[in-house]
Amino acid sequence: MKMITAVIKPHKLEDVRDALAEVGVSGMTVTEVKGFGRQKGHTELYRGAEYTVDFLPKIKIEIATAASIWEQVVEAITGAAHTDKLGDGKIFVTDLEQVTRIRTGETGDDAI
Amino acid sequence: MEDILNLRYAIDTFYFLVCGALVMWMAAGFSMLEAGLVRAKNTTEILTKNVALYAIACIMYMLVGYNIMYPGEAVSAYWPGLSFLLGADNVPEEVLKTAGAEWYDGSYYSGRSDFFFQVVFVATAMSIVSGAIAERMKLWPFLVFAVVMCGFIYPLQGYWKWGGGFLDAAGFSDFAGSGVVHLTGAMGALAGVLILGPRLGKFRKDGKVNPMPGANLPLATLGTFILWLGWFGFNGGSELILSNVGEANAVAAVFVNTNAAAAGGVVAALLTARVMFGKADLTMVLNGAIGGLVAITAEPLTPTPGWATLIGAVGGVLVVFSILFLDKIKIDDPVGAISAHGTVGLWGLLAVPLTNDGATFGAQFLGIVTIGLWVFGASLVVWLILKVTVGIRVSEEEEQVGLDVSECGMEAYPEFTSPR
């Protein structure tokens, strides 16, 4: 099993969710986060004084997948979240040791 | 004839009460404006200050303030004497006995309505203070200051002008209180801010200003609109009479001019911000509306609507430059109250002779200097006494955590709470 963590532009969330549904992803966790990469921040103005916004709003998606489809999942996210501009985000893939569905106690692939 | 007099008395009293209620609602405007322009961690505390100061103003003015400002028989033109609580209202038979020609020389509306209209003005002056000292002053010393301000400092200078004291006799002209209310609030605030110092981290060592953006601009905008609405009562009610053609026209003129000045202030501040910063700074635009309103308050009757727009527009430009200037000399006023009510209050008072032949620059200067020195000096003394006795500033740690938690023990937007 793999844990896929993707950080994307907020307005791309709908597209990514639809693309993931197509490859058979049946659940995900979404968090509003802030951060920066190569995009860096930008400058804003308040009552004549400048300040920089270093941490930009992003959406973090966490998906647990069976080992068999994780590459499709990464492709789906890459395709749907892509705008070709700085700040499109990143996808992190890590090994996932165990998953338990709380309601039934099922574990492993059955719990995903 | 008696029916007509009854009706006039009732109409003028009703008009006065409704205008007073509009001014009362300005307390909501100040609360929302201030809650919008402070950081989220200081929201509950600034709201507590606002509602508590309003209540204190009402009680102190009833106990002693009203009698200082409007003494039955004054000791002298400088000192009105001291008495407590409100007297009885007008006796109907005596009011109705008044001959038509003398009607407006005496009591043509309820005495209680007069008190009500006056008490909400004190609260307005005190609300101005709460914004300027926001985010770093302790709650309780602030409320003690409110007691002194509303019971004594404000009423005494109010007596000098509106109560028939020496400023009134000298020809000082202040229709609805650019000086008596707004300059007074700003001077009390300035004295407090000077003793209190800026918020932690507001000014950097290299002289640059660290912006501390307000948490909720929709609230600040709503607050400004509420103040704008309340101002129709503030200025419109200050005509004091409605019930004949001439006075009704005058009240309408005041409404129109008050509105025009606010509009002028908004447009002028918008353009000034655009030219100065390259962007349309909403907070400056909101201050521009207040600036326009304060500017016209000293004389909303005699200008044409065109003049009123212009007077308001100058207020809108002044408020922006005044805010930048205060930042430059390291006076930290989170909501721009000292600029909008003080700097522009000065302009409003000095603009009176431009459209009112009855006013002179000399008398306006005398009024400004008298009110300014009295309120600043008396406030400074009170703030200093509070500082050396109980302290007026929260600790560094409390300021960093936010006054909501340290002073009120309660956040404005609590998350992740669990029952214990």
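Letters go in sequence order (proteins before strands), and every chain restarts at 1.
At least one side-chain heavy atom of Phe92(A) sits less than 4.5 Å from a side-chain heavy atom of Val7(A). Taking the side chain as every heavy atom from C-beta outward, Ile290(B) and Val319(B) never approach each other to under 4.5 Å. Proximity of Ile4(A) to Ile77(A): side-chain heavy atoms (C-beta onward) are separated by under 4.5 Å at one or more points. Side-chain contact between Val193(B) and Ile133(B) is present, with heavy atoms from C-beta onward closer than 4.5 Å.
For Met284(B), the parts lying near chain A are the backbone and the side chain together; criterion is any non-hydrogen pair under 4.5 Å.
Under the side-chain hydrogen bond (donor to acceptor under 3.5 Å, both in side chains) criterion, Lys60(A) pairs with no residue at all, not counting sequence neighbours.
A donor-acceptor contact shorter than 3.5 Å links the side chain of Asp88(A) to the backbone of Thr83(A).
Within a 6.0 Å radius of CE in Met276(B), other residues, nucleotides and ligands contribute more than 12 heavy atoms. No more than 12 heavy-atom neighbours from other residues, nucleotides or ligands sit within 6.0 angstrom of CZ on Phe225(B).
For the pairing with Glu14(A), the side-chain hydrogen bond (donor to acceptor under 3.5 Å, both in side chains) check across Arg17(A), Lys12(A), His11(A) returns one residue only, Arg17(A).
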Distance-only donor-acceptor pairs under 3.5 Å across chain A and chain B:
from: Tyr46(A); atom 1: OH; to: Gly214(B); atom 2: N; distance (Å): 3.2
from: Arg47(A); atom 1: N; to: Asp281(B); atom 2: OD2; distance (Å): 2.6
from: Arg47(A); atom 1: NH1; to: Thr283(B); atom 2: OG1; distance (Å): 3.0
from: Arg47(A); atom 1: NH1; to: Asn287(B); atom 2: OD1; distance (Å): 3.0
from: Arg47(A); atom 1: NH2; to: Asn287(B); atom 2: OD1; distance (Å): 2.6

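The stretch residues 95-112 of chain A participates, sequence neighbours left out, in these side chain to side chain donor-acceptor pair (under 3.5 Å) pairs: Lys2(A)-Asp95(A), Arg101(A)-Glu106(A), Thr104(A)-Glu106(A).
Below 4.5 Å, heavy atoms of chain B meet no heavy atom from residues 18-29 of chain A.
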